[in-house]
Amino acid sequence: QVQLVEAGGGLVQAGGSRRLSCTASGRTFDSYVMGWFRQAPGNERTFVAAISGSGGVTTYGDSVKGRFTISRDNAKNTVYLQMNGLKPEDTAVYYCAAKVGLVLMTQTKQYTSWGQGTQVTVSS
């Protein structure tokens, strides 16, 4: 398994932007599909975005399409989540996750490594 550490959370006003990062340990970062999930209080953890090992394929949850962008820098073992047009309903703890393989997945049970999460709060 790979160790993941998220950063970049904080308080932002509605309509603003924020970039999250997730740095992984190990030397085989490009063999992992990376995903972002989020969990609001009292809710289940839900899918936000995922990216293939090469970075060439991405997929997004419906609620963030057109506003969020996932990317990765394999030289830095880091995946990013650029969040634009933030809304109060985007408030959640954001988690980075990793899975070995080529197929992008959207369910939490398919990911084997998780970060500790970073809080994003969007004020109205």
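Count residues from 1 along the sequence.
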| message | How long is the straight-line distance from CG of Leu4 back to CZ of Phe29, given to the nearest 0.5 Å? | response | 8.0 Å

| said: If you compare all heavy atoms of Val57 against all heavy atoms of Leu104, which two are closest, and at what distance to 0.1 Å? | reply: O-CD2, 3.7 Å

| Contacts of Lys65 that satisfy side chain to side chain contact (heavy atoms under 4.5 Å, CB included) - sequence neighbours left out | Tyr60, Asp62

| said: Between Glu6 and Gln116 (side chain of the first, backbone of the second, donor and acceptor by atom type, cut-off under 3.5 Å), is there such a pair? | reply: yes

| If you draw a 6.0 Å radius around CG in Leu11, do more than 12 non-hydrogen atoms from other residues or ligands fall strictly inside? | yes

| query | Same cluster or not: are Trp114 and Val33 linked, directly or through other Ile, Leu, Val, Met, Phe, Trp or Tyr residues, by side-chain heavy atoms under 4.5 angstrom apart? | reply | yes

| request: Would you check if the side chain of Arg18 reaches a backbone N or O of Gly8 as a donor-acceptor pair within less than 3.5 Å? | output: yes

| query | Would you say Asn74's side chain and Gly53's backbone share a donor-acceptor pair under 3.5 angstrom? | reply | yes

| note | Residues Ala40 and Ala92: closest non-hydrogen pair is N-CB, 3.9 Å

| message | What's the separation between atom OG in Ser124 and atom CG in Leu86, rounded to the nearest 0.5 Å? | response | 13.0 Å

| request: Assess Arg72 against Tyr32: is NZ or CZ under 6.0 Å from the centre of the six-membered ring, and within 45 degrees of the ring's axis? | output: no

| task | Measure across Gly56 and Ser52 and return the closest heavy-atom pair with its distance rounded to 0.1 Å. | result | N-OG, 3.2 Å

| Mind checking whether Val64 and Arg38 have side chains closer than 4.5 Å, heavy atoms only? | yes

| request: Please determine if Arg45 forms a cation-pi arrangement with Phe37, meaning its NZ or CZ atom is less than 6.0 Å from the six-membered ring centre and no more than 45° off the ring axis. | output: no

| Just wondering, do Trp36 and Cys96 contact through their side chains at under 4.5 Å, heavy atoms? | yes

| Can any side-chain N or O of Tyr111 pair as donor or acceptor with the backbone N or O of Met105 at less than 3.5 Å? | yes

| task | Decide yes or no for Ser17 and Val12: does some side-chain heavy atom of the first lie under 4.5 Å from some side-chain heavy atom of the second? | result | no

| remark: Smallest heavy-atom separation, Leu20 atom then Met83 atom, equals CG-CE, 3.7 Å

| said: For the backbone of Val122 and the side chain of Thr91, can you confirm whether one donor and one acceptor N or O come within less than 3.5 Å of each other? | reply: yes

| remark: To the nearest 0.5 Å, atom CZ of Arg67 lies from atom CG of Asp90 at 4.0 Å

| Which heavy atom of Leu81 sits nearest a heavy atom of Ala49, and at what distance? | CD1-CB, 4.3 Å

| said: Working to the nearest 0.5 angstrom, can you tell me the gap between Ile70 CD1 and Thr59 OG1? | reply: 9.5 Å

| message | If we ignore hydrogens and angles and just use 3.5 Å, is the side chain of Asn77 paired with the main-chain N or O of Gly26 as donor and acceptor? | response | yes

| Between Thr78 and Thr23, does a side chain to side chain donor-acceptor pair (under 3.5 Å) hold up when you go through it step by step? | CA-CA 4 Å; Thr78 300; Thr23 301; 3.3 Å; yes

| request: For the residue pair Tyr94 and Phe68, categorise the inter-ring angle as parallel (less than 30°), tilted (30 to 60°) or perpendicular (more than 60°). | output: tilted

| Approximate separation, where rounding is to 0.5 Å, of Ser21 OG and Gln82 CD | 11.5 Å

| Would you say Ser113's side chain and Val2's backbone share a donor-acceptor pair under 3.5 angstrom? | yes

| message | Nearest 0.5 Å, please: how far is CZ in Phe47 from OG in Ser63? | response | 10.0 Å

